[in-house]
Trainee: 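Could you have a look at this structure, given as C-alpha cells, before my questions?
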Amino acid sequence: EKKSYDREFLLGFQFIVASM
Amino acid sequence: AALEPVETHPLQSRWALWFFKNMKSQPWQCNLRLVTTFNTVEDFWALHTHIQLASKLSSGCDYSIFKDGIEPMWEDSRNKRGGRWLITLSKQQRHSDLDALWLETLLCLIGEAFDEYSEEVCGAVINIRAKGDKIAIWTREAENREAVTYIGRVYKERLGLSSKVVIGYQAHADTATKSSSLTKNKFVV
C-alpha cells in the first residue's frame, strides 16, 4: 500500500513533535 | 510504569538530509555531508524543527533531501538522466518566502504529492546564494515528459505560484555543459 499524506495531515504533526 | 509505544506514521520512502557548506580550501566532495536519514512523519518534523532555517544559512550553503541511497549530485546514476524543476528567488524573497517554499517542497516529497509519478522524484535542493536563492525538485528521467510535466504542474500549484509565473525544467545534461544563465528549459509550466 502506497503511503501518501496530504499537506494538512503532515502539518498537523508539526507542533505535536516540536512539543515532545 | 512502562510507556506505551508511540504510533508513528511511516513514509513511502526513507529520505536523507545532506548539508553542503562551501569551503574553498577543501575539494567539493568534502564539503558535502550526509546529516541523517528519516522514514516517518514524526522524525521528519523532529529533524525540521531542530535544524537551522534555510534562510539563516550563510551564502554558499545547500540543504538537499534525497531518497536514501541517491547522492545529491548529477553524477549519481539515479540522477544523471534526469533534471530539475527550478524556482529562482529574488534577494528579497529570502526573508519573505524562502522557508515556506522550501517546507512546501519537502511536504510534496515526503507526502508523495505527485501520485503515481512520485517514483520519478529523486529529491530536492535549496541553494543559498548572495545573488539569489534557488529551490529545485530533481527527477530521474528528463525524457519522461508526462511525468515531468505532471510533477511541474502539481509543484507550481502547491507553491501557490500565480498562473502568470512560468517555471522551467532543465535536464542535468544541459546544466552540466552550460553556464546556468544559458541552460535552456526542456519544459515549462
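In what follows, chains carry the letters A, B, and so on, assigned in the order in which the sequence lines appear, proteins first and then strands, with residues in each chain numbered from 1.
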Trainee: Which pair of heavy atoms, one from A:Arg7 and one from B:Arg158, lies closest together, and at what distance?
Mentor: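 Where A:Arg7 meets B:Arg158 most closely, the heavy atoms are CB-NH2, 3.3 Å.
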
Trainee: Determine whether B:Ile135 and B:Val165 fall in the same hydrophobic cluster, where Ile, Leu, Val, Met, Phe, Trp and Tyr are linked whenever their side-chain heavy atoms lie under 4.5 Å apart.
Mentor: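 In one cluster: yes.
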
Trainee: Once you round to the nearest 0.5 Å, how far does OG1 of B:Thr49 lie from CD of A:Gln14?
Mentor: 8.0 Å

Trainee: Please answer: with hydrophobic residues joined when any side-chain heavy atoms are less than 4.5 Å apart, are B:Phe20 and B:Met23 in the same cluster?
Mentor: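 Result: no, two separate clusters.
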
Trainee: What are the two closest non-hydrogen atoms of B:His9 and A:Tyr5, and how far apart are they?
Mentor: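 B:His9 and A:Tyr5 have their closest heavy atoms at C-OH, 3.5 Å.
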
Trainee: Output the distance between atom CG (B:Leu107) and atom CG (A:Asp6), rounded to the nearest 0.5 Å.
Mentor: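 These two atoms lie 10.0 Å from each other.
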
Trainee: Applying the 4.5 Å side-chain criterion to the ILVMFWY set and letting contacts propagate, would A:Leu11 and B:Leu101 be lumped into a single cluster?
Mentor: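 Same cluster.
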
Trainee: Could you state the interatomic distance from CZ (A:Phe13) to OG1 (B:Thr8), rounded to the nearest 0.5 Å?
Mentor: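 Those atoms lie 9.5 Å apart.
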
Trainee: Closest approach of A:Leu10 and B:Trp45, non-hydrogen atoms and distance?
Mentor: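 Taking every non-hydrogen atom into account, O-NE1, 2.7 Å.
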
Trainee: What about B:Leu86 and B:Ile128, same hydrophobic cluster or not, with Ile/Leu/Val/Met/Phe/Trp/Tyr joined at side-chain heavy-atom distances under 4.5 Å?
Mentor: no

Trainee: Would the number of heavy atoms belonging to other residues, nucleotides or ligands and lying under 6.0 Å from CD of B:Gln26 be above 12?
Mentor: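 Atom CD in B:Gln26 is crowded, with more than 12 foreign heavy atoms closer than 6.0 Å.
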
Trainee: Do other residues, nucleotides or ligands put more than 12 heavy atoms under 6.0 Å from B:Lys184 NZ?
Mentor: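 Counting other residues, nucleotides and ligands, NZ of B:Lys184 stays at 12 neighbours or fewer.
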
Trainee: Counting only heavy atoms from other residues, nucleotides and ligands, does the tally under 6.0 Å from NZ of B:Lys67 exceed 12?
Mentor: yes

Trainee: What residues of residues 109-123 of chain B sit under 4.5 Å from chain A when you count only heavy atoms?
Mentor: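 B:Ile110, B:Gly111, B:Glu112, B:Asp115, B:Ser118 fall under the 4.5 Å cut-off.
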
Trainee: When you look at CZ of B:Arg14, are more than 12 heavy atoms from neighbouring residues, nucleotides or ligands closer to it than 6.0 Å?
Mentor: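 Yes, because the 6.0 Å sphere around CZ of B:Arg14 holds more than 12 heavy atoms from other groups.
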
Trainee: Is it the case that atom CD in B:Gln52 sees more than 12 heavy atoms from other parts of the structure closer than 6.0 Å?
Mentor: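 Buried by this count: over 12 neighbours within 6.0 Å.
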
